[in-house]
Amino acid sequence: KKIVYSGIQPSGTFTIGNYFGAMKNWVPMQEAYDCLYCVVDLHAITVPQVPADLRRRTYESLAILMAVGIDPDKSILYVQSHVPAHTELTWILNCFSYMGELSRMTQYKDKSKKQGNNIRVGLFDYPVLMAADILLYQSDLVPVGNDQKQHVELARDIASRFNQQFSPTFKLPEPYFGETGARIMSLQEPGRKMSKSDENINGFVSLLDDPDTVIRKFKRAVTDSDTEVRHDRENKPGVSNLMEIYNCTTGRSLEAIQREFEGKGYGDFKLAVGESVAETLRPIQEEYKRLLADKGYLESVMKQNAERAAKIAYKTLMKVRKKTGFINL
Ligand code: TYM
């Protein structure tokens, strides 16, 4: 069976971009593959965090992943800092990574601009930690949104460098994208990806937004001066984004969506998209509330799954230590 690995940061609320781009694809993969899904708290501290908020959001992240359908008995659903092998492998891989390749990461370039002169080493090193996550479990497939593609490729590069210098040690992972949804754009600026850190809250839809808020945000979504519901990312980025979102919620093809709204205005279209998203989120939110009320249960999931993950990670780590020249006692 192929091994699937992915992670999500417990920073802020999740958006429908996170959901359609990544989490939604994680659910069906549980049937066919051995899956590991990780709440990456070590990644979260690459930007400043309030400790109590980080702790709360880690519980919330676990609950939301379970609410969308990740089954912690089937998949290994765990918290990154509970498995120390991640940090240990990161250090070793740091010694096989180049400043040059890390400087070329577009996400680093974007994020470091916001940090002024005091750019943290952790932010720079973030992709090596992500490589360690993936490589520890000999992962085959990494289901992510488009913005993580470059990081998965870096993990491959580091892995093959290590394999070549010593002997085959790591499997080379491949990124995996859904047919649509890999790049959900802001509802206000359809040229930019939807992000939870957007200052304009109308730009993103949180998985926890109530139905009225969801519908209002879609009503306000930026489209164009045309009236035609047609998929054309280049010339009609706003409408195309809404069509892709509607495809994600209904499963209808882009052509079918175009036909459905032929001769109707954008108003009807935006309302339909908003309602379908609200309808998709309703059962997730109910389950989320139920799960979050039982912290003891969430902690038992964390503990059991960290143990399962640690066992697998340990095997890879011991091999790496040996090849690197460390003494395994
Ligand atoms: P993070 O927490 O920023 O995002 C989690 C997932 O959501 C996807 N995503 C989107 N997809 C489509 N449209 C959008 N607007 C959108 N915004 C976010 C992201 O691509 C991602 O798949 N470094 C990673 C977490 C990570 C990881 C890993 C992933 C750590 N270790 C190992 C895979 C394997 C991150 O910060 O994702």
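First listed ligand is number 1; within each ligand, the first listed atom is number 1. Given the structure is predicted, the values throughout are model-derived calculations rather than measurements.
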Sidechain-backbone polar pair: D268 side chain, K264 backbone, donor-acceptor under 3.5 Å: no
Closest to atom 26 (C) of ligand 1 (heavy atoms only, candidates G17, S197, G7) is G7
field: Geometric N/O contact D133 with ligand 1, under 3.5 angstrom
entry: yes
Does a side chain donor of either E299 or Y59 reach within less than 3.5 Å of an acceptor in the other side chain?
yes
*asked:* Can you confirm whether P10 sits close enough to L54 that some side-chain heavy atom of one is under 4.5 Å from a side-chain heavy atom of the other?
replied: yes
(request) Kindly confirm or rule out an N or O of Y5 lying under 3.5 angstrom from an N or O of ligand 1. (result) no
*N146 N/O under 3.5 Å from ligand 1 N/O*: no
N or O pair under 3.5 Å between G145 and ligand 1: yes
Ligand 1 to R183, heavy atom cutoff 4.0 Å, flagged ligand atoms 12 (C), 13 (N)
The protein heavy atom nearest to atom 28 (C) of ligand 1 is M130 CG, 3.5 Å
Residues passing the side chain to side chain contact (heavy atoms under 4.5 Å, CB included) test with K323, sequence neighbours excluded, are F162, F166, S167, T169
Check this for me: K149, atom NZ, are more than 12 non-hydrogen atoms of other residues, nucleotides or ligands nearer than 6.0 Å?
no
A student checking ligand 1 against V40 at a 4.0 Å heavy-atom cut-off should list atoms 30 (C), 31 (N)
Among Q9, H43, M185, the residue with a heavy atom nearest to atom 30 (C) of ligand 1 is H43
Ligand 1 to Q148 polar contact by distance, N or O atoms, under 3.5 Å:
yes
Closest heavy-atom approach to atom 6 (C) of ligand 1 among S186, A22, P143 is made by A22
Notebook entry, point to check: Has G181 got any heavy atom lying under 4.0 angstrom from an atom of ligand 1?
Noted result: yes
If we number the atoms of ligand 1 from 1 as shown, the ones under 4.0 Å from a heavy atom of D147 are 19 (C), 20 (O)
